[in-house]
Amino acid sequence: MTTPDSARSDFIRDIITGDVKTGKYGGKVYTRFPPEPNGYLHIGHAKSICLNFGIAKDFKGLCNLRFDDTNPTKEEVEYVESIKKDVRWLGFDWEDRLFYASDYFEQMCRYAVQIIKMGKAYVCDLSADEIREYRGTLTEPGKDSPYRNRSVEENLDLFERMRAGEFPDGSRTLRAKIDMKSGNINMRDPVIYRIMHMPHHRTGDKWCIYPMYDFAHCISDSIEGITHSICTLEFEDHRPLYDWFLDELEVDCHPKQIEFARLNLSHTVLSKRKLIKLVEDGNVTGWDDPRMPTIAGLRRRGYTPEAVRNFCERIGVSKRDNLVDISLLEYCIREDLNKRAPRVMVVLHSLRVVIVNYPEEKTEELEAINNPEDATMGTRKIPFSRVLYIEQEDFQEAPPKQFFRLVPGREVRLRYAYFIKCVDVIKDTNTGRIIELHCTYDPETRGGNAPDGRKVKATLHWVSASHAVDAEVRLYDYLFLKADPTDIEEGKDFKSHINPNSLEILKSCRVEPGLKGATQGDCYQFERLGYFCVDKDSSDNKLVFNRTVTLRDTWAKIEKKGKG
RNA sequence: UGGGGAGUCGUCCAGUGGCAGGACGGCAGGCUCUGGACCUGCUUACAGGGGUUCGAAUCCUCUCUCCCCAGCCA
């Protein structure tokens, strides 16, 4: 309990280690992940989840899941369910510690009364606009509300009647009496309760006043016995207020708030507002669109919890503004899938190949390795016959020098099968388009090796035409063309950088027969192409795959360089 | 121009008085029945100026740049 379990270290763990050493909080460590149920979780939340649950684990403490549900106008049950699902999927367990800020409304109300009695809070009749005017600006101090000096009795009475529902929305607020001249605007008599005649997803019609974040959050933390309240940088100047409430209330548990920089990921956006906009405007099909950086989107895309957790570990934690390159995320999923994904052969853009010296009716079963990284995954049989499909881009009639795949007259290997040589290119007489290739095979090279030791430069993936199963494959690309889509020109919005080609649907791909019956979530490496998983739209009649990520593609780089 | 934060390779994170390091990316090789994986090497950074010190990314000081805050959102 004195040092973290793992070697992992960051400035937050350092602070906590210090607190544990000095015996602060009795040497205990207790954290919480406090989402507001007003949207789906995204990879930025994953960073926070890994941090909070990870710290609890490292220090042998606990971490609660708590919904910060203090604003009934934006929050929905759908979101709490999705959040629970996503946290669980990421691999974290809150056990019996599922809480809601709304569980504490009664206690918060008692605390509010206590602060009023101390003369440190008052009911204010100013309108929202007036409060804004009185607040001053960043450079000018605010001025006191005319209601600031109401008597404790009057405040108590008014607050009681606010709670009883006697006043309309927006007519009054309860405010902390702190300092209208503070350089920190959060301390200029912040609102702590507002009137909202609005049913709450958990408390129903019980309340018509709801506490504000600053009041609710510190109290919730305190009630739960949180020791370290970890949040993002924008709450840094809320910390004096967090501490003010807990000091005034003289609570037993006064957690330490520590702020870290939120994650920014290149080529995507991570703000709930913007993500909601993408969903609502139909730029994506929903919160779980595989292009979305949401946990639900990543899951559907084929990301594994291990890869996401690993990513969160690798990006580290600090207080600097950051823009993490999405290539790191891709590296993490490739690293994971390379070890676990069975290999399989699939042709995306098919080109017909006839092996002219192979018997018409013959079919043979060839043995293929399921995963060269893991011998325990065994082998499988794949059918070979006279007519095959290969990838269109694996053949060129007039190739550049570095192209070493199939060309007229050249011999290449069909993976796990035979060496073949292209002897004829059949074209459509009208369009000139290549329709099929005629090749010969060398029977001596069965399995993929030549007894005479001769080598070929390329190995192609293929599928036997008569045995192939049709499938739809969805190829995804970055949602935004620019690394930082929020970096925009005057007068434009983040949508101006959206990638119009972030989704490409391939309707008639040919997959090896063994893939028939693959079920939702199954992931594979399509050899030489990338990692793919079975989408939820897939059915027995129609296979649908999502491309999770391509393989590292050296050839694509060479090609690009040639063009660029 | 008030308050609060932050500046280290292209990117992210370490280093807190003693040779600036790791990861990703990039580049170049090796190996290979996936132009994959794996292996090797290389590239590149302490925002700037003063000062303290035998010695400074680290301490002091001045400056510059960037981010956050004026919701009855969180």
Side-chain angles (χ1 to χ4, degrees), chain A residues 9-10 34-36 38 68-71 73-75 124 126-128 131-133 135-142 169-175 181-188 190-196 209-210 212-214 216-217 231-240 259 261 263 266 272-273 314-332 334-335 338-339 343 345 368-369 372-373 402-405 413-417 419 445 447-449 455-461 483 525-530 550-559:
Chain A
S9 176
D10 54 63
E36 183 190 12
N38 69 342
D68 214 342
D69 55 351
T70 57
N71 186 347
T73 64
K74 321 179 134 186
E75 295 149 10
C124 183
L126 255 24
S127 69
I131 285 183
R132 191 180 315 117
E133 282 167 36
R135 186 155 34 221
T137 68
L138 293 179
T139 51
E140 302 155 30
D169 288 4
S171 60
R172 288 188 159 93
T173 57
L174 181 69
R175 296 226 258 161
K181 293 181 182 61
S182 173
N184 181 346
I185 289 176
N186 296 302
M187 301 300 270
R188 318 238 262 231
V191 171
I192 60 186
Y193 264 95
R194 72 286 218 187
I195 301 171
M196 285 178 165
I209 56 171
Y210 292 94
M212 298 286 290
Y213 166 83
D214 287 303
H217 203 87
C231 62
T232 43
L233 244 34
E234 67 269 26
F235 293 102
E236 212 153 14
D237 35 301
H238 290 243
R239 187 174 358 115
E259 310 85 10
L263 169 68
S266 76
K272 275 189 205 168
R273 210 208 98 243
R314 282 170 194 255
I315 56 175
V317 187
S318 75
K319 297 188 75 158
R320 303 184 206 159
D321 288 332
N322 58 79
L323 181 63
V324 174
D325 199 304
I326 199 163
S327 65
L328 181 60
L329 217 212
E330 295 177 338
Y331 173 84
C332 290
R334 285 192 191 108
E335 182 186 44
N338 179 46
K339 286 178 295 188
R343 266 100 245 232
M345 290 202 283
I369 294 166
E373 304 291 322
Q402 301 119 308
F403 184 87
F404 51 76
R405 278 113 95 144
R413 174 190 296 113
L414 292 180
R415 181 116 157 125
Y416 300 126
F419 285 11
T445 59
N449 287 304
K455 302 285 185 194
V456 288
K457 197 83 163 82
T459 300
L460 310 186
H461 61 277
Q525 184 196 99
F526 291 2
E527 292 219 27
R528 306 209 300 136
L529 297 172
T550 61
L551 256 25
R552 220 175 115 248
D553 192 346
T554 309
W555 170 240
K557 268 180 219 162
I558 295 169
E559 252 190 329

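A note on names: the letters A, B, ... follow the listed sequences, proteins ahead of strands, and every chain is numbered from 1. Reckoned from all heavy atoms, side chains included, excluding hydrogens, waters and symmetry mates.
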Next item on the list: Considering only atom P, compute the distance from rC39(B) to rG17(B) and round it to an integer number of Å.
Entry: 35 Å

Notebook entry, point to check: What integer number of Å spans the P atoms of rU61(B) and rG25(B)?
Noted result: 42 Å

Give one of base, sugar-phosphate or nothing for [X], where a contact means two heavy atoms less than 4.0 Å apart.
X: R413(A); value: base
X: E373(A); value: base
X: T173(A); value: base

Checklist line | Nearest-Å distance for atom pair NE2/P, residues H217(A) and rA74(B) | finding: 11 Å

Item checked: From CZ (R194(A)) to CD1 (I209(A)), nearest 0.5 Å -> 10.5 Å

Next item on the list: Report yes if a side-chain nitrogen or oxygen of N71(A) is closer than 4.0 Å to either non-bridging phosphate oxygen (OP1 or OP2) of rC73(B); otherwise report no.
Entry: yes

Notebook entry, point to check: For rG26(B), does either OP1 or OP2 sit under 4.0 Å from a side-chain N or O belonging to K557(A)?
Noted result: yes

Checklist line | Side chain proximity check, M212(A) to P190(A), heavy atoms < 4.5 angstrom | finding: no

Next item on the list: Write down the partner of rU11(B) under the Watson-Crick or G-U wobble criteria, each distance required to be under 3.5 Å.
Entry: rA23(B)

Checklist line | Minimum heavy-atom distance between N322(A) and R320(A), given as atom pair plus value | finding: ND2-O, 3.2 Å

Notebook entry, point to check: Want to settle it: does R405(A) or V324(A) sit nearer the 5' end of RNA chain B, counting the closest nucleotide to each?
Noted result: V324(A)

Check: Taking for each residue the nucleotide of RNA chain B bearing the nearest heavy atom, is the 5' side occupied by R343(A) or by V191(A)?
Finding: R343(A)

Notebook entry, point to check: With no hydrogens and no angle check, do the side chains of S327(A) and D325(A) hold a donor and an acceptor under 3.5 Å apart?
Noted result: yes

Next item on the list: Kindly point out which of rC13(B), rA6(B), rC12(B) is positioned nearest to the side chain of K319(A)?
Entry: rA6(B)

Check nucleotides 66-70 of chain B for protein N or O atoms closer than 3.5 Å to its own N or O atoms and list the pairs.
| residue | atom | partner | partner atom | Å |
| --- | --- | --- | --- | --- |
| rC67(B) | O4' | D321(A) | OD2 | 3.0 |
| rC67(B) | O2' | D321(A) | OD2 | 3.4 |
| rA70(B) | O3' | R135(A) | NH2 | 3.4 |
| rA70(B) | O2' | R135(A) | NE | 3.2 |

Margin query: Need the glycosidic conformation of rG26(B): syn if within 90° of 0, anti if not. Which one?
Written below: anti

